[in-house]
Amino acid sequence: MKVILLFLSLCITSAQALESDNYLMWNRHLNDSTSEINNYLSDQIHTTLKKFSSRPKALTCEEVTFEIAKNFKTFLVHDNPMENWLIKHLDKDQIYPQTL
């Protein structure tokens with residue numbers, strides 16, 4: 001058992017968090033990006049709904065939810081469609097915290 005744990009611990013390279021730590025964000029400010037993010041989310045939802053609205057067979061609410069969610073899921077941690085959009089479309093003051 002100890003050998004397996006030792007082997008697994010050697011195989012783990014590093015763990016990274018992609019969210020902002022509340023404690024590291026003290027005394028820092030991000031400009032509001034609520035409207036831009038809401039517009040992005042609305043566009044993704046409406047695009048998906050439009051794609052399936054012409055189908056002869058209606059989808060269930062659950063099926064529609066999963067179809068919309070496909071717009072936001074990713075298989076690689078650093079290839080997130082929403083994060084890529086944010087970086088491309090928001091100002092740096094909305095993404096990178098500035099010291100007050």
> What side chain to side chain donor-acceptor pair (under 3.5 Å) pairs are there with at least one residue in residues 38-51, not counting sequence neighbours?
Replying inline: Thr48-Asn71
> Between Ser33 and Glu36, is there a donor-acceptor pair closer than 3.5 Å when you use the side chain of the first and the backbone of the second?
Replying inline: no
> Does the side chain to side chain contact (heavy atoms under 4.5 Å, CB included) test come out yes or no for Asp91 and Asn31, once each step is laid out?
Replying inline: CA-CA 9 Å; Asp91 294 333; Asn31 289 346; over 6 Å; no
> In this structure, which one of Asp93, Ile87, Leu86 forms a side-chain contact (heavy atoms from CB on, under 4.5 Å) with Leu90?
Replying inline: Leu86
> Which pairs, with at least one residue in residues 51-74 and sequence neighbours excluded, count as a ring-ring contact (aromatic ring centres under 6.0 Å, His included)?
Replying inline: none
> To the nearest 0.5 Å, what is the distance between CD (Glu67) and CD (Glu62)?
Replying inline: 11.5 Å
